[in-house]
Peer 1: 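The structure that follows is given in the form of structure tokens.
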Amino acid sequence: MKIMIAGGDGFCGWPTALYFSEKGHDVAIVDNLIRREWDKELGTQSLTPIASMDERLQAWTEKSGKSIRFYLGDLQDYEFVEHIFKDFEPEAFVHYAEQRSAPYSMIDRQHAVFTQVNNVVGNLNVLFAIKEIVPDCHLIKLGTMGEYGTPNIDIEEGYIRIVHKGREDVLPYPKQPFSFYHLSKVHDSHNIMFTCRSWGLRATDLNQGVVYGLWTNETQGDERLVNRIDYDGVFGTALNRFCIQAAVGHDLTVYGKGGQTRAFLDIRDTLQCVELAALNPADRGEFRVFNQFTEQFSVLELAQRVQNVAQGMGIEAKIAHLENPRVEKEEHYYNAVHTKLLDLGLQPHLLSDELIQGLIETAGKYRERVDFDVIRPNATWR
């Protein structure tokens with residue numbers, strides 16, 4: 001299958017590209033490398049040293065004997081998007097190429113506007129290119145569980161059956177997004193649903209939980225293939241962040257009470273889920289929604305889990321409850337359905353103490369790359 005990975009230089013995109021290439025698919029990466037520029041802007045860096053894209057691709061060819069094409073450009077530029085679709089003619093387009101940090105979108109007006117324009121316009125250009133050039137191409141779009149918010153009812157997979165005043169219908173599940181970033185994902189979902197209905201496109205929206213972990217089979221064995229992992233207050237996410245904090249002797253930073261419950265999955269399961277979506281495409285005119293996660297944890301539960309594993313390694317990890325920079329419920333009901341990917345054959349990697357220990361050990365190896373000044377949150381929702 002000809003698979004194009006947009007955002008293929010990123011945390012999820014890079015291992016996805018290698019995974020599909022290893023499976024024998026014809027893979028192309030699309031990226032403007034802006035994620036590296038955001039590190040410079042924020043004065044931070046990945047915990048792990050990241051090779052240049054040229055070095056990464058050369059290393060993959062040397063290791064696997066396979067090659068991955070690379071297109072350097074921005075999805076906001078429709079001439080560029082038109083060119084790559086005509087040149088590669090993808091059968092599946094995996095779309096990771098969006099600004100993916102809620103805190104980044106909340107820094108100020110400029111970051112909020114950039115996030116929404118970048119994400120929504122880039123996605124719209126992809127939809128038009130599919131319609132005009134490869135109408136049978138399957139769009140696999142990374143959404144987020146954050147689109148749903150924290151309703152006091154079960155979260156269904158994209159749609160909910162409503163009975164109202166004696167009438168019944170199946171409607172899109174109500175959205176209560178957490179940030180300007182999450183709002184951009186909601187706009188994407190609406191645009192994709194509209195174009196599937198109006199143009200007959202085929203699309204799968206993967207509402208993904210928080211991804212943890214680092215290593216996949218393909219990123220091991222060569223330093224040039226290592227994936228990025230973030231620990232800062234803008235791009236770092238809960239479990240990875242706590243493991244790195246434990247390794248370097250920093251308090252585990254829990255926002256508020258820590259009762260915020262979210263959906264989580266191992267990065268290896270991200271690859272599985274995207275593969276299952278690609279191998280079992282949506283029908284023409286169908287807009288599918290899969291809730292892509294394997295387990296649910298509160299933030300405090302994760303911090304305590306890391307604390308316990310660290311203690312077993314002889315590391316004292318203290319938990320610090322910081323003032324919550326976000327406007328969110330810190331204690332709430334949370335139960336999300338996630339059966340569709342399991343029905344397609346997903347075999348989850350559930351969170352283990354061994355994985356947490358491995359992350360702490362990796363962080364210890366690269367501890368000199370950690371800057372304590374960027375760990376605390378610097379963006380507020382208020």
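These values consider heavy atoms only, across backbone and side chains, with no hydrogens, waters or symmetry-generated copies. All values reported here derive from a predicted model rather than from experimental measurement.
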Peer 1: Start with the C-alpha gap between Glu41 and Tyr104, add the side-chain angles, then the distance that decides, and say whether side-chain hydrogen bond (donor to acceptor under 3.5 Å, both in side chains) holds.
Peer 2: CA-CA 11 Å; Glu41 174 195 344; Tyr104 190 88; 2.7 Å; yes

Peer 1: Nearest heavy-atom pair of Asp269 and Gln272: which atoms, and what distance?
Peer 2: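 Looks like OD1-NE2, 3.0 Å.
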
Peer 1: Nearest 0.5 Å, please: how far is CD in Glu275 from CG in Asn280?
Peer 2: 9.5 Å

Peer 1: Show the nearest heavy-atom pair for residues Trp199 and Leu127, with the distance to one decimal.
Peer 2: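 Looking at all heavy atoms of both residues, the closest pair is CZ3-O, 3.8 Å.
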
Peer 1: Describe, in one word, how the ring planes of Phe20 and His25 are oriented to each other, choosing from parallel (under 30°), tilted (30 to 60°) and perpendicular (over 60°).
Peer 2: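 Perpendicular: the ring planes of Phe20 and His25 meet at over 60°.
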
Peer 1: Does the pair Asp136/Arg202 count as a salt bridge with the N-to-O cut at 4.0 Å?
Peer 2: yes

Peer 1: Please list, chain by chain and in numerical order, all residues satisfying side chain to side chain contact (heavy atoms under 4.5 Å, CB included) with Pro325, sequence neighbours excluded.
Peer 2: Tyr255, Pro377

Peer 1: Under 3.5 Å, is there a donor-acceptor pair between the Arg376 and Thr253 side chains?
Peer 2: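 Judged by distance alone, the side chains do not pair up.
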
Peer 1: With the threshold set at 4.0 Å, does a side-chain nitrogen-carboxylate oxygen contact exist between Arg305 and Asp353?
Peer 2: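 Result for this pair is yes, salt bridge flagged.
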
Peer 1: Can you list everything that forms a side-chain hydrogen bond (donor to acceptor under 3.5 Å, both in side chains) with Gln58? Sequence neighbours excluded, please.
Peer 2: Glu62

Peer 1: If you round to the nearest 0.5 Å, how far is CD of Glu295 from CD of Glu301?
Peer 2: 10.5 Å

Peer 1: Are any of the side-chain nitrogens in Arg288 or Asp205 under 4.0 Å away from the carboxylate oxygens of its partner?
Peer 2: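 Salt bridge between Arg288 and Asp205, a charged N being under 4.0 Å from a carboxylate O: no.
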
Peer 1: Nearest 0.5 angstrom please: Leu206 CG to Cys273 SG, how far?
Peer 2: 7.0 Å

Peer 1: How far apart are the closest heavy atoms of Pro103 and Arg326, and which atoms are they?
Peer 2: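 Of all heavy-atom pairs spanning Pro103 and Arg326, the closest is CG-NH2, 3.6 Å.
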
Peer 1: Does the ring of Phe235 carry Arg241 above it, NZ/CZ under 6.0 angstrom from centre and within 45° of its axis?
Peer 2: no

Peer 1: Of the non-hydrogen atoms in Leu201 and Cys196, which two are nearest, and what is the gap between them?
Peer 2: O-SG, 3.4 Å

Peer 1: Distance check, rounded to the nearest 0.5 Å: Phe290 atom CZ versus Asp343 atom CG?
Peer 2: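 Here the rounded value is 9.0 Å.
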
Peer 1: Using the ring of each side chain (for Trp, its six-membered ring), is His83 parallel, tilted or perpendicular to Phe80, with breaks at 30° and 60°?
Peer 2: tilted

Peer 1: For Cys12 versus Tyr96, what's the shortest heavy-atom pair and its separation?
Peer 2: CB-CE2, 3.4 Å

Peer 1: I would like to know whether Arg228 and Asp230 meet salt bridge (charged side-chain N to carboxylate O under 4.0 Å, His left out); could you show each step before the answer?
Peer 2: CA-CA 7 Å; Arg228 72 173 299 120; Asp230 299 300; 2.8 Å; yes

Peer 1: Could you grab the distance from atom CD1 of Ile319 to atom CG of Leu300, nearest 0.5 Å is fine?
Peer 2: 5.5 Å

Peer 1: Check whether Phe114 forms a cation-pi arrangement with Arg109 (NZ or CZ under 6.0 Å from the six-membered ring centre, at most 45° off the ring normal).
Peer 2: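 Not flagged: Arg109 not positioned over aromatic ring of Phe114.
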
